[in-house]
Protein chains: 2
Amino acid sequence: MPHSASYGPTLPTSQAISALRPLPAHAVRLSADGLLGGWQDRNAAATLPHCIGQLHVRGNLDNFRRVTGDFDGGFAGYWFADTDVYKTLEAALWELARSGGSSAFVTDTAQLLEKAQDSDGYLNSYFQVDHRDRQWAELPSSHEMYNAGHLIQAAVAAARTAQHEPAAQQILAVARRFADLLIERFGPDGVDALDGHPEIETALVELYRVTGHRPYLDLAARFVELRGHGLLGPDNRFRQHHYYQDHRPVRDAAEVTGHVVRQVYLAAGAVDVAVETGDTALLSATERLWESAMSAKTYVTGGQGSRHRDEAFGDPYELPADRAYAETCAAIGSFHWAWRLLLATGRSRYADEMERLLYNGIAASTALHGTAFFYSNPLQVRTGHEADEDAPGQRLPWYSCACCPPNLARLMASLHTYTATGGPDGLQLHLYAPGTVTAGEHTVDVTTAYPWNENVTITVTETTEAPWTLTLRLPAWCTDVQLTLNGSQVDVTARHEGYFDLTRTWRPGDRVELVLPMPPRLVTAHHRVDAVRGSVALTRGPLVYCLEQADLADDLADVVFEDLELDTRSPIDVVHGAHAIAPVTLRTPVRVRSGSDDRLYRTFETTTPSATAPAAIPAVPYFLWANRSAGAMRVWIPFPPQER
Amino acid sequence: MPHSASYGPTLPTSQAISALRPLPAHAVRLSADGLLGGWQDRNAAATLPHCIGQLHVRGNLDNFRRVTGDFDGGFAGYWFADTDVYKTLEAALWELARSGGSSAFVTDTAQLLEKAQDSDGYLNSYFQVDHRDRQWAELPSSHEMYNAGHLIQAAVAAARTAQHEPAAQQILAVARRFADLLIERFGPDGVDALDGHPEIETALVELYRVTGHRPYLDLAARFVELRGHGLLGPDNRFRQHHYYQDHRPVRDAAEVTGHVVRQVYLAAGAVDVAVETGDTALLSATERLWESAMSAKTYVTGGQGSRHRDEAFGDPYELPADRAYAETCAAIGSFHWAWRLLLATGRSRYADEMERLLYNGIAASTALHGTAFFYSNPLQVRTGHEADEDAPGQRLPWYSCACCPPNLARLMASLHTYTATGGPDGLQLHLYAPGTVTAGEHTVDVTTAYPWNENVTITVTETTEAPWTLTLRLPAWCTDVQLTLNGSQVDVTARHEGYFDLTRTWRPGDRVELVLPMPPRLVTAHHRVDAVRGSVALTRGPLVYCLEQADLADDLADVVFEDLELDTRSPIDVVHGAHAIAPVTLRTPVRVRSGSDDRLYRTFETTTPSATAPAAIPAVPYFLWANRSAGAMRVWIPFPPQER
């Protein structure tokens, strides 16, 4: 384990294409009074223990005990239920490194996995007991390598956080045995085959990074190259090649397609392969794919997945607010993908997207108390919503397919590692949150109430005599950044890729004040987005806002935005601390449509809409919706009636 | 078989609640030069033979031969594949009665079914061979009584069209044996159970109607009453009670929910039960349910089903154009439901809905040549549409779940029986089509090019000396009906339930001229329909129109309607015979949006849309779309840009 001890997820080797370098995990400390640090503490105190408890209650751990002969009940849950254990294990490992605590779950699980593993390295509690005959026989749907991928990622966390602990060594050994089996079966001397659900690609590259064992990287590269040649689909569930991203090779694909989580996991793995193999064409292809998602297949919250059916992207500009699938795991996967592209290229658009996801598409999934979750994250819910199992009107403690909660847990436990990068020559701040960041021998203290407040203060607390560069991301949503250094205005015109560099010989106490003015903004979608035509979304800084029925006497379905002449009238007030659940609300002027004509369709001439007098109602950050009561919500607010 | 020989589907007994009486099947002859009669002939010449051929090719008939030991291959298709045989058989029987031809398919199938039936009456080729152990064990999903229902409906067709033929007697005997088994198992002395997919209810009532055997009616009533008490769902596919319409008793349900085909089939069966048992409360409940569908859950084409997932209704006002499921079978079921309510109540709104469905939601499913079909009928398809198996961008010859084509065949073969009602005292015309209609001793000749042309001429050709009433439906879409009798203007103000009565002593040669002016109209949706906000649909008479990429050089996604000041400028021209595939097209003035800002989201202030000069492009009837080439299509056309 030469390179990566004490780091977080994703650590390119020194040979990799890499514009930015991750910092060691302990180099960033997020303060609990900031939103991000608060989320990390909530995760440690609530979400992670909740996940561990659910693994016990739901039978995921007993599934392994069936393999070892220590439990004689039936198999519980989906055939890929092992991944919930692996993701929780990974989360627990990151969290132990971040904040300490009991390692009992890690120790017990490590022993259980070692005991359950077959002598040849195979490990899958579904196939090992009841379905030996189907082992390796149904790769498009079996998730066997997807399972293996999450096992490996837990092992990578073990290696990076606790390499000298016996439990960590046990987990890494189990994962390596399984990975070695994969090389034997599916490597250059094995069969050409693919798992229907990517994850193994990025996991194998990370395993290569912690072990230095090149065949892991080669197998990941082989899986990326094999995709796009029709090994997967169409199948008896009518899934076409594009559902599996197997219609075109990754390096030739023009746009993101099919099952969203599979697409973004695959793309993240392709970036990992590209940077480690120096494959600039493949790296460009992943940037092109990302651009295709951003230009026509992503919600204003960063969420992705327009179709419940197949949990899929859908057509360009197909972005319904009500039937947004926007799976939590898709947002997490998209975050991972963007992070890898940020490291590779140093372009701020990827950090902008990470920020959008974090404060909207990802954050919305978790209840304030941290133990209930959305699986899908629609941008509109109507009164009396007829719920699917995975699209309820309020957050649920768990799901039969519980991929999202442990995925959130592992992201949150490692969140600090995504906020900054750097090395001896500089320190790059990507996500603004109160805390401290150290790069090399230089440390800064960050004070801010971001994203509620526009001010970010960065104070140098430790530094050498040599000059170094403090790099600040200037978010694309901010049009008039102001910056002072020790009270003097700094011209921020000269930027590179959305970043601004301050290079100097720093002294302790040097103080940088970044102001990111965040007036409320009305956002409109491309004219091809049919689903939200004639509507605007309300944003402030990186936050998307929404209206909730809880703030209304009338039905939210009848609310229209009062007036679009914002630039002259500025009718939206920013209210700090006025709302019980949201630190900053916006007072939004609306009217309520009324009228007795309830016909579903009518000739245009006879339309005579009327509306009440304008009134101001609170808009709350989207990520905080449904924390008071289940009820209607909408992000996109219709224009005033335009009909005669 | 006392009452119903020589009638079509749905013949209430003389004791039933019934405002209108069906005419014998031979009393209506639709002319082949009209649209409806032309469809009937196309069905006989193309669709029905195509369905029979597919049953051979796809293995549906061999499935029965597996039961009889005459075929030793595997089971083919879905577990409810028998229904395709039954529906095709029903279609063949209606068609034999209408136009004659070979009865070989009927004779062979009757023998096959009789031979395959178990001695106790059970018949289901899926469960009889491979799954005996699961027989009756999985009613929520097994479709066993759904299968039985379609067998019974074929038997009803046999009894009504060929009661003296041995094959018809054979089919009826098979169906009765199965129905008797159902009574034994699920009747008052049996278990409380329901099939997850309704159909058996309406079938049993019809079987009662042809046999006079009351227990069939009682079992149907029992099934209707049992629903709503949680016998079905939630299940391991996460289907809730409401998916199965089992969340509330039919007579208490406030709105249509869940799987659309199941809902409308159940509702049709409930009407049948209500009218035969004199249950006015149940009848009112079905009217209330119908109203809930019409007021918030039905497309402008009459299609229903807003979600691919679960093939379901969704929330009120959730009516996406692109992801409209609008299954062909749902439209057919809705047509059947409306027909039953029309017979029971005599209210024209039900006939209006039948007309809307027929010319739009149903007709669109079938290609001009009659041998390719849509399973789902979206109101918008984008360029490069990423297709689901059952939502392709063009019609397919068959589907793995092929419920729709044979369902179309049986509707089209009996279509003439839905166009008029009557008896000795009068004749009611509901759907206008060229042909002849006889009620009692009175015959009229109808001449019209409807729906292409507004004129309908009705000439009395046979009559008695006694006065009788000619009743004409005045469609709700028509605001200025004109009527003349032998050249003299008739005041049509005095209507009842949307109908106008002409009562007199008629003479041969008496001539009624009905004019239903059909200027192009722009239709807008209720302001709660988010999916089509800021858009209009173009209609003319009963037809909904659409724009197709085939008529455009620019991308359809960028087209906006030129101007909404229709009443003063009337810019839409009606063009007869100008289009290769559509007898009447509309010349629609549009602009094409342009501009280099392709960002998916942007602040409202910076929006500077621009558009080309207006141009006129053809709009074609929705039901004729995709007959030239697969490509983009849309019913709802955006308004001109409103942003600054």
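Letters go in sequence order (proteins before strands), and every chain restarts at 1. Values below: every heavy atom of this structure, side chains too, minus hydrogens, waters and symmetry copies. Keep in mind that this is a model prediction, so the values were computed, not measured.
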Check your understanding: Given that the side chain runs from C-beta out, which part of B:A321 has a heavy atom under 4.5 Å from chain A: side chain, backbone, both or neither?
Key -> neither
Point to revise | Option that, when pairs with chain B are counted at under 4.5 Å, heavy atom only, ranks first among A:W477, A:F313, A:Y601 | key: A:Y601
Practice item. Find the distance between CE (B:M518) and CZ (B:R540) and round it off to the nearest 0.5 Å. Key: 5.5 Å
Practice item. Would you mind checking which part of B:Y317 comes under 4.5 Å of any heavy atom in chain A, side chain (CB onward), backbone (N, CA, C, O), both or neither? Key: both
Practice item. Check the side chains of B:Y243 and B:Q263 for a donor-acceptor pair under 3.5 angstrom, ignoring hydrogens and angles. Key: no
Review point. Who among A:D390, A:D322, A:T383, A:T479 has the most heavy-atom pairs with chain B under 4.5 Å?
Key: A:D390
Point to revise | Winner by heavy-atom pair count (cut-off under 4.5 Å) against chain B, out of A:R634, A:R307, A:H385, A:H308 | key: A:R307
Point to revise | Region of B:A531 in contact with chain A, defined by heavy-atom distances below 4.5 Å | key: backbone
Study note, to complete from the structure: Cut-off 4.5 Å, heavy atoms of chain B, and the answer for A:A296 is backbone
Check your understanding: Which region of B:H242, side chain (C-beta onward) or backbone (N, CA, C, O), has a non-hydrogen atom less than 4.5 Å from a non-hydrogen atom of chain A, or is it both or neither?
Key -> side chain
Check your understanding: chain A heavy atoms under 4.5 Å from B:T257: which part of the residue, side chain, backbone, both or neither?
Key -> both
Point to revise | Region of B:Q380 in contact with chain A, defined by heavy-atom distances below 4.5 Å | key: side chain
Practice item. With a 4.5 angstrom heavy-atom cut-off, could you sort out which part of A:W636 is near chain B: side chain, backbone, both or neither? Key: side chain
Point to revise | Heavy-atom pair of closest approach, residues A:P392 and A:A387 | key: CA-CB, 3.9 Å
**Study point:** Residues A:K297, A:E291: salt bridge by 4.0 Å N-O rule
**Key:** no
Review point. Are A:R533 and A:D530 within salt-bridge range, i.e. N to O under 4.0 Å?
Key: yes
Exercise for review: Specify the closest pair of heavy atoms between B:S306 and B:L319, including all atoms of both residues, with the distance to one decimal.
Suggested key: OG-CD2, 3.7 Å
Check your understanding: Among A:E318, A:M294, A:E386, which residue forms the greatest number of heavy-atom pairs with chain B at distances under 4.5 Å?
Key -> A:E386
Exercise for review: Measure B:V529 against the heavy atoms of chain A and call it side chain, backbone, both or neither at under 4.5 Å.
Suggested key: side chain
Review point. Should the pair A:D555-A:R382 be classified as a salt bridge under the 4.0 Å nitrogen-to-oxygen rule?
Key: no
Point to revise | Smallest separation among heavy atoms of A:C546 and A:V635, with atom names | key: CB-CG2, 4.0 Å
Practice item. Below 4.5 Å from any heavy atom of chain B, which atoms of A:R323 appear? Answer side chain, backbone, both or neither. Key: side chain
Review point. Do B:Q304 and B:T298 have side-chain atoms, one donor and one acceptor, less than 3.5 Å apart?
Key: yes
